[in-house]
Protein chains: 2
Amino acid sequence: MRLRYGRRPEAVSAQPGDLALPLVPDAPDPRAGRAQNGGGMAAKRSRTSAGERPADGAAPALRQGQVTINHVAALAGVSPTTVSHVLSGKRLVAAETRGAVYDAIRRLGYRPNHVARSLRTRRSHMIAVVVPDITNTFYSMLTRGLADALDREGYGTYVCNTDGLLDRESKFLVDVFDRGADGIVLAAVDAASAGVLKPADMGVPVVCVGHRLDHPRIDVVTVDDERGSYEVTRHLLTRRPERMAMIQGLNGTPRLSGFTRAVAEAGHALDPSLMVTGDWTRHGGYEAMRQILGRRSRAYPDAVFCANDLMAIGAIEALREARLDVPGDVAVAGFDDVDAATIVHPPLTTVVNPAYDIGVNAGKLLVSRLSGEYDGDGREVGLPCLLVVRESA
Amino acid sequence: MRLRYGRRPEAVSAQPGDLALPLVPDAPDPRAGRAQNGGGMAAKRSRTSAGERPADGAAPALRQGQVTINHVAALAGVSPTTVSHVLSGKRLVAAETRGAVYDAIRRLGYRPNHVARSLRTRRSHMIAVVVPDITNTFYSMLTRGLADALDREGYGTYVCNTDGLLDRESKFLVDVFDRGADGIVLAAVDAASAGVLKPADMGVPVVCVGHRLDHPRIDVVTVDDERGSYEVTRHLLTRRPERMAMIQGLNGTPRLSGFTRAVAEAGHALDPSLMVTGDWTRHGGYEAMRQILGRRSRAYPDAVFCANDLMAIGAIEALREARLDVPGDVAVAGFDDVDAATIVHPPLTTVVNPAYDIGVNAGKLLVSRLSGEYDGDGREVGLPCLLVVRESA
DNA sequence: GCTGCCCTCCAAATCGATTTGTGATTCCGG
DNA sequence: CCGGAATCACAAATCGATTTGGAGGGCAGC
């Protein structure tokens, strides 16, 4: 008759006491629990692996004080297998035994080693987000939304800044893959990086932000930029402007096309000299506006749509310098609705680009694949962007 | 006579060709390389571990297509040990052999599994940064600086947002520890969390931002807030104001004391009703300023120092609403020099808080410990903060 | 020809967990 | 009182790398 389980040995020599994380529990002598449980079958265990090392001189003890599942098993008087099952719940374990295990865990302050677990399960519970620059409000918002969505599900967030450089982008992509990230959110400007395809083909879920990647299993979350710019342009048009201008960003098609569509619908003609390009920065917007104002023909535009708020802010600065009133002389609208949009004077009319929601949705898409709840073709979730009218237009 | 090494077998059945990351190299039949090398000692290897599994029905193949060090070894006709040594350079390997190994690596598209490596070496090459909110420019700047400094050294960055909540802070701290982070940067508001001590005591390097933690081995990077506020206050005093006000932040001593020191030095008296507290946000600054303006006594302050730029911006808004001119009626100064400081009108006089540099320095501190270059007591690096005079004061 | 050393490489143990196949009990109904 | 099902725990293999003691061949010196 075995009287092992449920009879947690009274733990004579389990020194580490009740500390949450014992400082030096290096030798919670595994044999302590063993000796008391009747010495039956448990004693015949003969593996020489960890947890058995008594205190012979050659103790490795690198990051010292590691309490392993073996220590717990020994103290609880069960096998490591059982401890694992108690923890994961993958197989039934008698209530009494379970209690003993939990007790041992508490006494030793055991914390599972995630790395070892990851190796075996091939799950790191970490996802990576690749952005051009976390310093940019849009991306930090996105990252925050993502982190919040993932945190709820027990996933951690790993961040990479590419600065929009293609080589950094692919470098990070393989790095992240090698690190065993469970999923990847790609919000880099140039999502065309061949690097993404590897992880995606290797079975790591990838969700892309913005770009629609031509891959059967990559999810995408987009915002309807085209529609947003269309709406804000239509708003500008209600002021019946004579000359519409636009400061577009480097290779930014959807926002441009929303603008042209609205203008065309209204039957306006577009003066090509009023269509200039900025580099998405505040300074770029400033320069672009100066370029517009410096044209030969003195006919100033009376409404300007900027492809993002930063450039709109720069544009307003240039206009102020030129002693032009906003919105009196020229109306200005932006895109994104960053914090700064309400800090400039006058407050910017713009379109909200729901960065936080994009992050949350990317997270959900990822989680649904990771949990196995979804496993089909690439999906696309499109987020609307709302027009918010303030004083600049 | 052994003719093994240097004689990479001509690889008859190394199907995966030259792909960088073969899609399904599940069975680059390990025995292929083996059979050709003379069948000498190599054949006597009898372990049944990975890489030996032929193609029997029960193939696990979770994240399929993993090329392991064993595959490489087999193809190169050497042992896994040798491959490892080639990769790490920890022991000499004959040039010929090395070539064969590299060749096999290339052909198979082998990439080391970081998780397995971490398990053995106890190094994850990942550090964690714990911040209140990555969305806050100060923290995203800090994170960026940190990431840049670490990236150079081959470390990745893992981000946690605590929202300033103590329980989240400690939760993340143990999470990060369990995940095997090699180091931790703690920039959370309440660095007093007992959670930090665990990792620190367990030998994981920790560097704290701002707070001076009372622990012998925790490095700290601080900025001289007190000095900064002192300087900016002195600047305000050059305008010979009658009534100085300050909007301080929740529990923010150093900035407050710099202010009081400067005021006292100038021989001014402080009206307690002109010392109010905001919650570090723009709205908080707005409310605080309204509180000041709404006092019984009609004597408006003529100079206000705000503990951060966000509150200064809010304060300016409140002043504009009250039709008070900045800096004509009242001068305003902030602290941090965020982007928005130059977007408000008038541009804000402030003190630059070198967030990026803080991050870089935190990274350096960490790296110096991780590389073993330094291993002493906790250090402290203090960064100066520069006064930048613009139009608001 | 023998000893001893150097150069290369290998076998086996190890990191700390999870996963299965299987053995041992107990509980039932027939 | 027996056979089968249900329950519970264990041993051993495994994840993919690193690490260390040692083996074997080649060569020099005596």
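Lettering of chains follows the sequences in order, A, B, ..., and the numbering in each one begins at 1. As the structure is a prediction and not an experimental result, all values here were calculated from the model.
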Are any non-hydrogen side-chain atoms of L173(B) and E169(B) less than 4.5 angstrom apart?
yes
Heavy atoms only, 4.0 Å cut-off, all strands: where does V115(A) land among base, sugar-phosphate and nothing?
nothing
What I want to check is whether an N or O donor and acceptor connect the side chain of R120(A) with the base of dT14(D) at under 3.5 Å.
yes
How many Å lie between CD on E96(B) and P on dG25(D), as a whole number?
18 Å
Take T68(B) and N113(B) through the side chain to side chain contact (heavy atoms under 4.5 Å, CB included) test and state the conclusion after the steps.
CA-CA 8 Å; T68(B) 78; N113(B) 180 320; over 6 Å; no
Pick the closest DNA chain C nucleotide for L119(B) and for H85(B) by heavy atoms, then say which residue is nearer the 5' end.
H85(B)
Whole-Å distance, R117(A) CZ to dC15(C) C1', equals 15 Å
Is any side-chain heavy atom of R168(B) less than 4.5 Å from a side-chain heavy atom of D151(A)?
yes
From CZ of R91(B) over to P of dT20(D), roughly how many Å is that when rounded to an integer?
8 Å
Check the distance between dT14(C)'s C1' and N70(A)'s CG and give it to me in whole angstrom.
12 Å
Backbone N or O of I127(B) within a donor-acceptor pair of the D182(B) side chain at under 3.5 Å?
no
In whole Å, what is the span from the NZ atom of K90(A) to the P atom of dC10(D)?
19 Å
Below 3.5 Å between N/O atoms, which protein atoms pair up with nucleotides 4-7 of chain D? Just atom names and distances, please.
none

Rounding to a whole Å, what distance do you find between R98(B):CZ and dT8(C):C1'?
12 Å
Atom CZ of R123(B) and atom P of dG16(D): how far apart are they, to the nearest Å?
24 Å
Quick one: the side chain of T81(B) and the base of dA11(C), do they pair up donor-acceptor inside 3.5 Å?
yes
Please report the distance, rounded to the nearest Å, between CG in L87(B) and P in dA17(D).
9 Å
One should read off an interatomic distance between D219(B) CG and K364(B) NZ, to the nearest 0.5 angstrom, of 14.0 Å
Side-chain donor/acceptor of R91(B) to backbone N/O of H85(B), under 3.5 Å
no
Distance col, row H71(B):NE2 vs Q66(B):CD, nearest 0.5 angstrom, shows 9.0 Å
Side-chain heavy-atom pair S124(B), V115(A) within 4.5 angstrom cut-off:
no
Give a yes/no answer on whether the side chain of R122(A) brings an N or O atom under 4.0 Å of OP1 or OP2 in dC15(D).
no
Just to confirm, is there a sub-4.0 Å distance from OP1 or OP2 of dA17(C) to any side-chain nitrogen or oxygen of S84(A)?
no
Lys/Arg N to Asp/Glu carboxylate O, R111(A) vs D175(B), below 4.0 Å:
no
Taking only the side-chain heavy atoms of T82(B) (C-beta and beyond), determine which of dA9(D), dG16(C), dC10(C) contains the nearest atom.
dC10(C)
Please answer whether the main-chain N or O of Y374(A) pairs with a side-chain N or O of S368(A) as donor and acceptor at a distance below 3.5 Å.
no
To the nearest 10 degrees, what angle separates the axes at the start and end of the helix from dG1(C)-dC30(D) to dG30(C)-dC1(D), five pairs each?
50°
Starting at the 5' end of DNA chain D and moving along, which residue's nearest nucleotide shows up first, V93(A) or A116(A)?
V93(A)
Taking the minimum atom-to-atom distance to the side chain of S79(A), which one of dC9(C), dA17(C), dC10(D) wins?
dC10(D)
